[in-house]
Chemist: 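One structure follows; several queries about it will come next.
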Amino acid sequence: MRFRYSTTDSSQNEFDSLPRIPLVLNYQNYSVEIVGLVDSGATVNVLPYEVGLKLGATWDDGKAVIQLAGNLGGQPAMPLFATADVEGCGSARLAFAWARAENIPVILGQTNFFMEFDVCFYRSKLEFDVNPKSE
C-alpha cells in the first residue's frame, strides 16, 4: 500500500513532510485511531503516555524498565503490546515502549514495526510503501 509523506500543520511545506501512516491500535477492549511516524532510525516503537491511557492501559512504575535514547533519553518507559490495523496491510501485534512523556509522536521503529511490515521509502516522490512482511 502506498502512502504520501505528510506534515502536521498547514504552516509546513513539503520539506517538512515525513512518512506518517494512519492506523488503529487495539488493546484489551479499547481502540484508538492514530497517525504514526514510520522511522527506520528508531530502534523501538514508542507510544506517548496519553495514547496508552486512551487504550485503557495502567501505568506501573515498577514495569518502567525500558531505557529510551535520543530526544527521549531519560524518560521512563514500560512495555505495552497492542494490535495495529494498518489500512490495506493487515494487522500485527506491536511491542511499544510506552513513554511517560506528553507531546511526542507515535514512533514505528525497527522493533517491531519493521519486523512485521516491509517498508520502502521514495523520498524524492514524497511517498512510501508499507506491505505485509514477505515470508
Side-chain angles (χ1 to χ4, degrees):
M1 182 86 173
R2 184 147 299 183
F3 297 90
R4 297 270 315 151
Y5 278 51
S6 63
T7 58
T8 54
D9 94 37
S10 60
S11 69
Q12 296 175 316
N13 61 36
E14 72 178 30
F15 297 106
D16 299 312
S17 295
L18 293 171
R20 295 181 178 91
I21 188 170
L23 56 130
V24 177
L25 285 182
N26 300 289
Y27 177 79
Q28 297 177 351
N29 295 321
Y30 297 89
S31 66
V32 175
E33 291 182 28
I34 59 162
V35 175
L37 173 64
V38 181
D39 186 349
S40 64
T43 306
V44 298
N45 300 326
V46 178
L47 191 69
Y49 185 67
E50 63 270 12
V51 175
L53 293 178
K54 288 179 184 175
L55 286 169
T58 303
W59 184 265
D60 181 347
D61 282 324
K63 292 182 181 178
V65 295
I66 298 173
Q67 297 296 313
L68 297 175
N71 290 343
L72 297 175
Q75 295 290 331
M78 63 180 269
L80 188 138
F81 295 88
T83 301
D85 296 323
V86 180
E87 181 183 340
C89 302
S91 299
R93 187 168 186 248
L94 297 182
F96 286 93
W98 180 26
R100 185 99 190 224
E102 306 283 341
N103 301 315
I104 61 171
V106 172
I107 298 172
L108 303 170
Q110 295 295 326
T111 304
N112 67 327
F113 185 82
F114 283 80
M115 297 166 78
E116 296 296 330
F117 297 97
D118 291 331
V119 180
C120 188
F121 297 97
Y122 306 98
R123 175 64 173 137
S124 64
K125 296 179 182 179
L126 297 175
E127 298 175 339
F128 64 104
D129 289 342
V130 176
N131 293 295
K133 68 180 175 184
S134 350
E135 295 299 324

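All heavy atoms count here, side chains included; hydrogens, waters and symmetry mates do not. Worth saying up front: this structure is predicted, and the values here are computed from it rather than measured.
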Chemist: Within the side chain of N112, is there an N or O that forms a donor-acceptor pair under 3.5 Å with the backbone of V44?
Modeler: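 Such a contact is absent between N112 side chain and V44 backbone.
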Chemist: Check whether any side-chain heavy atom of N45 lies under 4.5 Å from a side-chain heavy atom of T111, and answer yes or no.
Modeler: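 N45 vs T111: side chains apart.
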Chemist: Please say whether more than 12 non-hydrogen atoms of neighbouring residues, nucleotides or ligands are located less than 6.0 Å from CD in Q28.
Modeler: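 Enclosed.
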Chemist: Got a second to check how far Q75's CD is from E102's CD, nearest 0.5 Å?
Modeler: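 It is 9.5 Å, given to the nearest 0.5 Å.
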Chemist: Give me the atom names and distance for the closest heavy-atom approach of P132 to C89.
Modeler: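 Reported closest heavy-atom pair: CG-O, 3.3 Å.
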Chemist: S11 and side chain to side chain contact (heavy atoms under 4.5 Å, CB included): which single residue from D9, N13, T8 fits?
Modeler: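 Output: one option passes, namely D9.
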Chemist: Using a 6.0 Å cut-off, check whether atom CZ of F121 has over 12 heavy atoms from anything other than its own residue.
Modeler: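 Above 12, so yes.
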Chemist: Between D39 and G109 (side chain of the first, backbone of the second, donor and acceptor by atom type, cut-off under 3.5 Å), is there such a pair?
Modeler: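 A pair under 3.5 Å: no.
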Chemist: Quick check: are there more than 12 heavy atoms from other residues, nucleotides or ligands sitting under 6.0 Å from CE of M115?
Modeler: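 It does not: M115 CE has 12 such atoms or fewer within range.
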Chemist: Can you confirm whether N29 is buried at CG, in the sense that more than 12 heavy atoms of other residues, nucleotides or ligands lie under 6.0 Å from that atom?
Modeler: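 No, the 6.0 Å shell around CG holds no more than 12 heavy atoms from other groups.
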Chemist: Closest approach of A77 and W59, non-hydrogen atoms and distance?
Modeler: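 Residues A77 and W59, closest heavy atoms: CA-CH2, 3.9 Å.
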Chemist: Write down the atom of I66, the atom of P79, and the distance for their closest heavy-atom approach.
Modeler: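 Distance-wise, the nearest heavy atoms are CD1-N, 3.5 Å.
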Chemist: Can you tell me how far OH of Y27 sits from OG1 of T83, rounded to the nearest 0.5 angstrom?
Modeler: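 Going from OG1 on T83 over to OH on Y27, the span is 11.0 Å.
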Chemist: Do you know which two heavy atoms are closest between L23 and G36, and how far apart they sit?
Modeler: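 Reported closest heavy-atom pair: CD2-N, 4.2 Å.
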Chemist: I'd like to check V65 versus M78 (side-chain heavy atoms, cut-off strictly below 4.5 Å). Are they in contact?
Modeler: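 No; the side chains remain at least 4.5 Å from each other.
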Chemist: Grouping I, L, V, M, F, W and Y whenever their side-chain heavy atoms are under 4.5 Å apart, do V46 and V86 come out in a common cluster?
Modeler: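 They do not share one cluster, since no chain of ILVMFWY contacts under 4.5 Å joins V46 to V86.
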Chemist: V51 and V106: which non-hydrogen atoms are nearest, and at how many Å?
Modeler: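 That closest heavy-atom pairing would be CG2-CG2, 4.4 Å.
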Chemist: Applying a strict under-4.5 Å side-chain criterion to I, L, V, M, F, W and Y, I'd like to know whether Y5 and F114 cluster together.
Modeler: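 Yes, because Y5 and F114 connect within a single hydrophobic cluster, where side-chain heavy atoms sit under 4.5 Å apart.
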Chemist: First locate atom CG of L37, then atom OG of S6, and finally report the distance between them rounded to the nearest 0.5 Å.
Modeler: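 These two atoms lie 9.0 Å from each other.
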Chemist: Taking all heavy atoms of Q110 and all of S40, pick out the closest pair and write down the distance.
Modeler: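 That would be NE2-O, 2.8 Å.
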Chemist: Examine distances only and state if a side-chain atom of W98 and a backbone atom of Y49 form a donor-acceptor pair shorter than 3.5 Å.
Modeler: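 Looks like yes, one N/O pair under 3.5 Å.
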Chemist: Using a 6.0 Å distance limit plus a 45 degree cone around the ring axis, check whether R20 lies over the aromatic ring of F128.
Modeler: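 No, R20 does not sit over the ring of F128.
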Chemist: Is K133 paired with D118 through a side-chain N to carboxylate O contact shorter than 4.0 Å?
Modeler: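 K133 and D118: not salt-bridged.
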